[in-house]
Engineer: 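Sharing a structure with you now.
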Number of protein chains: 2
Amino acid sequence: MSDTNPQARRVFEQNERCPIRNVVAQIGDKWSILILFALVDGPDRFNALKSRIQGISQRMLTQTLRDLERDGYVKRTVYPQVPVKVEYELTELGRGLAKPAWQLVSWADDHFDEIASARASYDEANQAE
Amino acid sequence: MSDTNPQARRVFEQNERCPIRNVVAQIGDKWSILILFALVDGPDRFNALKSRIQGISQRMLTQTLRDLERDGYVKRTVYPQVPVKVEYELTELGRGLAKPAWQLVSWADDHFDEIASARASYDEANQAE
DNA sequence: AGATCTTAGTATACATAAGTAACTAATTGG
DNA sequence: CCAATTAGTTACTTATGTATACTAAGATCT
C-alpha cells in the first residue's frame with residue numbers, strides 16, 4: 001500500500017472499477033457472508049438455509065440470494081415439483097470468494113476479545129450517550 | 001468449513017461472539033475499508049482524509065472514524081493548536097485487520113471483470129426493472 | 001475593534017437502503 | 001373443503017447516508 005505500489009492507488013481511488021465500492025460494499029452487509037459460508041459445504045434449499053442461518057427473515061434471504069446470484073457467486077436451480085424445490089449452490093467464483101472471506105472472518109474471530117475490550121473501554125470513556 | 005472443522009460452526013452460528021455479525025458487518029459498510037487503507041501509509045489529518053477519500057461527506061468521515069476508533073483500529077490525537085489539528089492513525093490492531101482485508105480487496109480486483117459480466121447478464125435476463 | 005480565515009467538527013432536514021411481520025400462490029393429502 | 005408445505009411478495013418501520021448550513025477558538029488583516 002505504499003506509493004511504490006500502483007495497484008494500491010487504483011484500488012483505493014474513486015473510479016468505475018473500485019473493488020471496494022463494487023465488491024466489498026456489496027458482500028459486507030449483514031447476511032451475504034453468512035449465506036456464502038452456509039453454502040460452502042454444498043447446495044442447499046431455501047427453507048434449509050433459512051433455518052440454518054439463525055435470525056434471517058424470508059425477505060432478506062430472498063434478496064441477499066438474488067444479489068449473490070446477480071454477482072455470479074451463487075447458482076439458483078428451480079425443480080418444478082410440487083411443492084416447488086429451489087436449490088442454491090456456490091459457483092466457482094463463489095468458492096473463490098469464500099477463501100479470502102474466510103481469512104478475514106478467521107482474523108476477526110482470533111481478535112474478537114481485543115475488539116470487544118476496545119469497544120468496552122471506548123464506551124466507558126464516553127458514557128454520555 | 002466441513003463438519004470436521006468445529007471452528008467453522010462456531011463462527012457460522014448465531015451467538016454473542018459471532019465474528020461475522022460483530023466484525024465483518026461493522027467494517028463492511030461503505031467507508032470503513034476505504035478509511036482503513038487511506039491510513040495504511042501513515043497518520044493523516046481530518047481534512048486530508050476527506051479530500052483523499054473522494055465522495056465522502058464530513059458527517060460520514062467523522063462517524064466512521066469514531067466507529068473505527070471505538071473498535072480499536074484507529075487512534076485519534078488532538079493537538080490543541082489554533083486551528084486545532086487532529087491526527088488519525090492505525091493501531092497495531094488496525095494494521096492487522098488491513099492484511100486480510102487487503103487479500104479480499106485484491107481478490108475482488110482480480111475478479112472484477114467476471115463479477116461485472118455476471119451482473120450484466122443477470123440484468124439483461126431480468127430487464128423487467 | 002471588527003471582519004475574516006482556518007480546522008474540525010455538529011445540527012438539521014431529507015432521501016435511500018435495510019429490515020420486520022404478515023400475507024400470497026400453487027398444489028398435495030386427508 | 002380444509003390444512004399443510006415451499007418459496008416467495010407486499011406494506012410498513014427503522015437504520016444509514018447525503019447535502020447544506022452552522023459553530024468554536026483563536027490568528028491575522030484592515
Side-chain angles (χ1 to χ4, degrees), chain A residues 14 18 20-36 38-39 43-71 74-89 122 126 128-129, chain B residues 14 18 20-22 24-35 38-39 43-71 74-89 119 122 125-126 128-129:
Chain A
Q14 184 180 40
C18 169
I20 301 176
R21 292 167 212 253
N22 276 290
V23 181
V24 179
Q26 189 70 229
I27 60 157
D29 65 8
K30 199 172 172 183
W31 303 110
S32 293
I33 300 275
L34 284 165
I35 294 177
L36 195 80
L39 290 172
D44 212 349
R45 303 181 58 180
F46 187 88
N47 275 344
L49 284 171
K50 183 166 169 291
S51 57
R52 283 175 62 205
I53 301 168
Q54 295 166 44
I56 197 167
S57 68
Q58 276 178 315
R59 186 191 204 272
M60 291 317 298
L61 182 55
T62 302
Q63 202 173 93
T64 310
L65 281 168
R66 289 292 141 79
D67 290 344
L68 292 173
E69 190 194 353
R70 178 168 183 260
D71 281 8
V74 162
K75 179 164 176 277
R76 177 176 182 266
T77 311
V78 180
Y79 297 90
Q81 312 170 347
V82 168
V84 65
K85 172 177 159 185
V86 180
E87 225 173 44
Y88 294 92
E89 62 186 310
Y122 181 95
N126 313 23
E129 299 143 313
Chain B
Q14 183 180 41
C18 169
I20 301 177
R21 292 165 212 255
N22 276 290
V24 179
Q26 188 72 224
I27 59 156
D29 66 8
K30 199 172 172 183
W31 302 111
S32 292
I33 300 276
L34 284 166
I35 294 176
L39 290 173
D44 212 347
R45 302 178 60 179
F46 186 85
N47 276 344
L49 284 170
K50 184 166 169 290
S51 56
R52 284 175 60 206
I53 302 169
Q54 295 166 44
I56 197 168
S57 66
Q58 272 180 317
R59 186 189 204 273
M60 290 317 298
L61 182 55
T62 301
Q63 203 173 91
T64 310
L65 280 168
R66 291 291 143 78
D67 290 344
L68 293 172
E69 191 193 353
R70 178 171 185 259
D71 280 9
V74 162
K75 180 164 176 279
R76 177 175 182 267
T77 312
V78 181
Y79 298 91
Q81 312 169 346
V82 167
V84 65
K85 172 177 157 182
V86 181
E87 227 173 42
Y88 294 92
E89 64 187 307
R119 263 182 213 176
Y122 181 94
N126 311 26
E129 294 143 315

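Per chain, numbering begins at 1; letters A, B, ... match sequence-line order. Side-chain atoms are counted along with the backbone in the values below, which use heavy atoms only and exclude waters and symmetry mates. Being a predicted model, the structure only gives us computed values, none of them experimental.
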Engineer: How close do A:L39 and A:Y88 get, heavy atom to heavy atom, and via which atoms?
Structural biologist: CD2-O, 3.4 Å
Engineer: Rounded to whole Å, please give me the gap between CE in A:M60 and C1' in D:dT10.
Structural biologist: 15 Å
Engineer: Between D:dT18, C:dG19, C:dT10, which one does the side chain of A:W31 approach most closely?
Structural biologist: C:dG19
Engineer: Within less than 4.0 Å of OP1 or OP2 of C:dA8, is there a side-chain N or O belonging to B:R45?
Structural biologist: yes
Engineer: Can you check the B:L49 CG to C:dA8 P distance for me, whole Å?
Structural biologist: 9 Å
Engineer: As an exercise, state the distance from CH2 of A:W31 to CD of A:Q63, rounded to the nearest 0.5 Å.
Structural biologist: 12.5 Å
Engineer: Students often get this wrong, so: under 4.0 angstrom with heavy atoms, is A:D29 touching a base, only sugar-phosphate, or nothing?
Structural biologist: nothing
Engineer: Does C:dA8 have OP1 or OP2 under 4.0 Å away from a side-chain N or O of B:R59?
Structural biologist: no
Engineer: What is the distance from OH of A:Y79 to P of D:dA7, rounded to the nearest Å?
Structural biologist: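 Distance check: A:Y79 OH to D:dA7 P gives 12 Å.
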Engineer: B:E87 has an atom CD; how far is it from atom P of C:dA8, in whole Å?
Structural biologist: 9 Å
Engineer: Measure NZ/B:K50 against P/D:dA19 and give the value in whole Å, please.
Structural biologist: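 Answer to the nearest Å: 11 Å.
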Engineer: Do you know the tightest heavy-atom contact between A:I27 and A:I33?
Structural biologist: O-CG1, 3.4 Å
Engineer: Can you tell me the distance, in whole Å, between the CD atom of A:Q54 and the C1' atom of C:dT20?
Structural biologist: 18 Å
Engineer: Start with the C-alpha distance between B:D29 and B:M60, add both sets of side-chain angles, then the distance that settles side chain to side chain contact (heavy atoms under 4.5 Å, CB included), and finish with yes or no.
Structural biologist: CA-CA 11 Å; B:D29 66 8; B:M60 290 317 298; 6.0 Å; no
Engineer: Could you check whether any side-chain N or O of B:T64 sits under 3.5 Å from a backbone N or O of B:L61, counting only pairs where one atom can act as donor and the other as acceptor?
Structural biologist: no
Engineer: Across nucleotides 21-30 of chain D, 5' to 3', mark each nucleotide with B, S or - according to how protein heavy atoms within less than 4.0 Å reach it.
Structural biologist: B----B----
Engineer: Report the nucleotide, chosen from C:dG19, D:dT6, C:dT10, that has the shortest atom-to-atom distance to any side-chain atom of B:R66.
Structural biologist: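 Among the listed nucleotides, the one closest to the side chain of B:R66 is C:dT10.
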Engineer: Minimum heavy-atom separation for A:N47 and A:Q58, please, with both atom names.
Structural biologist: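 Closest pair (atom of A:N47, atom of A:Q58, distance): OD1-NE2, 4.5 Å.
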Engineer: Does A:Y88 put a side-chain nitrogen or oxygen below 4.0 Å from OP1 or OP2 of D:dG8?
Structural biologist: yes
Engineer: Side chain of A:N47 only, please: which of C:dT10, D:dT6, C:dT7 is the nearest?
Structural biologist: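 Nucleotide nearest to A:N47's side chain: D:dT6.
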Engineer: For the backbone of A:A38 and the side chain of A:R52, can you confirm whether one donor and one acceptor N or O come within less than 3.5 Å of each other?
Structural biologist: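 Between the backbone of A:A38 and the side chain of A:R52 there is a qualifying donor-acceptor contact (under 3.5 Å).
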Engineer: What is the distance from NZ of A:K30 to C1' of C:dG19, rounded to the nearest Å?
Structural biologist: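 After rounding, the gap between these two atoms is 7 Å.
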Engineer: In this structure, how many angstroms lie between the P atom of C:dT6 and the CZ atom of B:F46, rounded?
Structural biologist: 16 Å
